[in-house]
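Just so you know, residue 1 is the first one in the sequence shown, and it goes up from there. Keep in mind it's a predicted model, so treat the numbers as computed, not measured.
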Amino acid sequence: MKTLHLTTSKEDINTAAQILKKGGLVAMPTETVYGLAANALDGKVVSTIFTAKGRPSDNPLIVHISAIEDIEKFALVREFPEKAKLLAENFWPGPLTIICPKGEAVPKEVTGTLDSVGIRLPAHKGARDLIRAAGFPLAAPSANLSGSPSPTTAQHVAADLDSKIDAIIDGGESDVGLESTVITVCTNPPMVLRPGGITLEDLREVLGEVAVSDAVLEKLRDGEEAASPGMKYKHYSPKSKVYLVKADDKEYRNFLATLPQNEVVALCYTEDVPFLNCHTLPLGDKDDYGTQAHNLFSALRSADEIDEADTIYVRCPDTKGLGMALFNRLIRAAGFEIISLDSSAPYTLIGLTGPTGAGKGQVAAFLKKAGCGVVDADKVAHKALEDVECIKNLTDAFSSEILNEDGTVNRRILAQKAFKDEESTILLNSITHPVILRLAKDEFECLSAQGFCNIIFDAPTLFESGADTLCDRIIAVIAPKDTRLSRILKRDNITEAEALARISAQKDNSFYTDRADAVIENQKDFDHLRLESLRALGEVLK
């Protein structure tokens, strides 16, 4: 069979519609993934979908419509409950399939042994144009060989089904990248059978109580019937072996470092890439589940193109929001095989230090974006200056001139007195550092309880305070004197004389670099500093 390659032009859509009217198979674009479409009202034609895909016939299909009126027009359901109408009003057109009691017009080849049918109104204009041009609803599972990663481009479809189907319509890359959310309104409360771009949280905002099938995150029990596509069989898997790795940043990176680097592929976060030496296919930033979902199936396919690699290790997402849909696909791609790594330590504490004005705050911001928890010693110091005993000791040391009328510490006056010479700076540190460290430890524990395994302690006086003894590793940030002066003047709105006094009261660069595990030289270039920050983090976590 020669497969026609078409576009979403009006002429090509009409050509594809004629193929469908004659009982053919057409791969069509949707916003989720590409679907393999056939006349949903003709059971004999629908059965050819299973043959082309190699799909088990008891795995139900979804019926696609071009307008909500099609449901009644083609007698697709016995009833369209009020909750279904509410979902349609809020999420159609879009990546949501609603399961309702099956109508008489729907053949058993679409639903298997089920007495229900899934209906979807896709958002992709090309898909709706094709359905309208055909004049009937279309049954359409993903347009791939059964079990392989779903296609998000026409090229993916061609790789699997060229010469096996009549036509492929190229409508560009799919926006969502994961199959639709499937919810049944045949249960009370309604239940999610497959998560997707419409999250559980989205559904609950509209319906209130919504349950989640156990089979979303686990295997179906023996003998349990699949009520939705993607529930029963191993799905979405490339030829390479896939393992889902449940680990924190450090554990995942260290684990991969123990493996033969040319033989493995890491499906990882963008933040992981600088720390890995194996083949990497970043899905997106750690907290950007939308980008990860968009890239997932394409990345799984790309992994198979790396000839020397035969095993894929994927970061395990949590199951909140769109993360549930990612986990659902990945656990099936991995055949429900998870490698779980337990950390022996609650967290790694990394000291970040350097002279004032060197750019530690900007480095801390980069590391925070890379997934680290951050404790800013300057902010903790603000809290320390609210401590009653600390205020008393500072007043005794530097006089009551450091106090405002309301009894609070005037930080500017305190700085003028404390940074005028090295002796005064040592006195200030001896009073404030014990309080700062006590408060900082509380913040470390708080971040650890939130799940952070790498914590940055941004502390300009890390060594002077003795806090370096708490740290597992240390990063020093240095910069030329003129750069530091410029930054301090801009940041603190003080005179040049005051800024120079602060610089003079501190140690030179070698004091920091000689004691650090990694050094960052701030050359004022934003991109360079970002890359240097990630490099230094990778160095201290090795």
Side-chain angles (χ1 to χ4, degrees), residues 3 5-8 16 25-37 49 52-53 55 61-62 64 93-97 120 122-128 130 138 140-162 164-165 167-182 194-199 229-230 235-240 242 265 267-268 270 281-285 288-306 312 314 317 322-330 332-334:
T3 300
H5 290 258
L6 306 174
T7 69
T8 54
L25 299 179
V26 175
M28 67 176 182
T30 80
E31 75 279 14
T32 56
V33 299
Y34 274 67
L36 182 56
I49 294 176
K53 283 175 57 70
R55 180 185 176 101
L61 306 181
I62 292 169
H64 294 69
L96 180 68
T97 295
R120 185 163 96 84
H124 197 290
K125 182 178 181 298
R128 297 200 307 275
L130 179 63
L138 300 177
S142 56
N144 59 323
L145 292 176
S146 185
S148 65
S150 297
T152 56
T153 68
Q155 291 71 34
H156 294 163
V157 179
D160 279 10
L161 299 178
D162 217 4
K164 295 182 175 67
I165 62 176
I168 300 170
I169 300 173
D170 190 344
E173 190 173 9
S174 300
D175 289 335
V176 178
L178 298 180
E179 297 85 353
S180 62
T181 302
V182 178
R194 181 180 71 187
I198 305 299
T199 67
H235 269 55
Y236 322 117
S237 189
K239 299 183 181 89
S240 301
V242 178
V265 180
L267 256 65
C268 57
T270 306
L281 290 170
L283 296 175
D285 290 348
D288 188 355
Y289 285 157
T291 299
Q292 291 174 41
H294 178 81
N295 293 332
L296 176 60
F297 290 139
S298 180
L300 286 170
R301 287 177 174 268
S302 295
D304 269 342
E305 297 173 8
I306 302 174
I312 303 168
V314 192
L322 194 54
M324 180 184 288
L326 281 162
F327 183 91
N328 171 268
R329 303 317 192 271
L330 287 169
R332 282 160 173 76

Partner residues of [X] under the side-chain contact (heavy atoms from CB on, under 4.5 Å) criterion, sequence neighbours left out:
X      : value
Ala167 : Leu4, Leu6, Ile19, Val26
Ala293 : Leu178, Leu322, Leu326
Asp285 : Thr270, Glu271, Asp288, Lys369

Donor-acceptor under 3.5 Å ([X] side chain, [Y] main chain):
X      : Y      : answer
Lys53  : Ala143 : no
Arg128 : Ala123 : yes
Thr8   : Gly171 : no

### Message
Closer than 4.0 angstrom, basic N to acidic O: yes or no for Glu31 and Arg120?
### Response
yes
Donor-acceptor side-chain pairing of [X] and [Y] below 3.5 angstrom:
X      : Y      : value
Arg194 : Thr97  : no
His124 : Asp175 : no
Thr7   : Asp170 : no

### Message
Working note: Gln292 + Leu330, criterion side chain to side chain contact (heavy atoms under 4.5 Å, CB included); need CA distance, chi angles, decisive distance, verdict.
### Response
CA-CA 12 Å; Gln292 291 174 41; Leu330 287 169; over 6 Å; no
### Query
Which heavy atom in Thr152 sits nearest to a heavy atom in Ser298, and how many Å separate them?
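Heavy-atom minimum between the residues: OG1-CB, 4.3 Å.
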### Message
For a quick test of reading the model, state the closest non-hydrogen atom pair linking Arg332 to Asn328 and the distance between them.
### Response
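In this case the closest contact between Arg332 and Asn328 is NH1-ND2, 3.2 Å.
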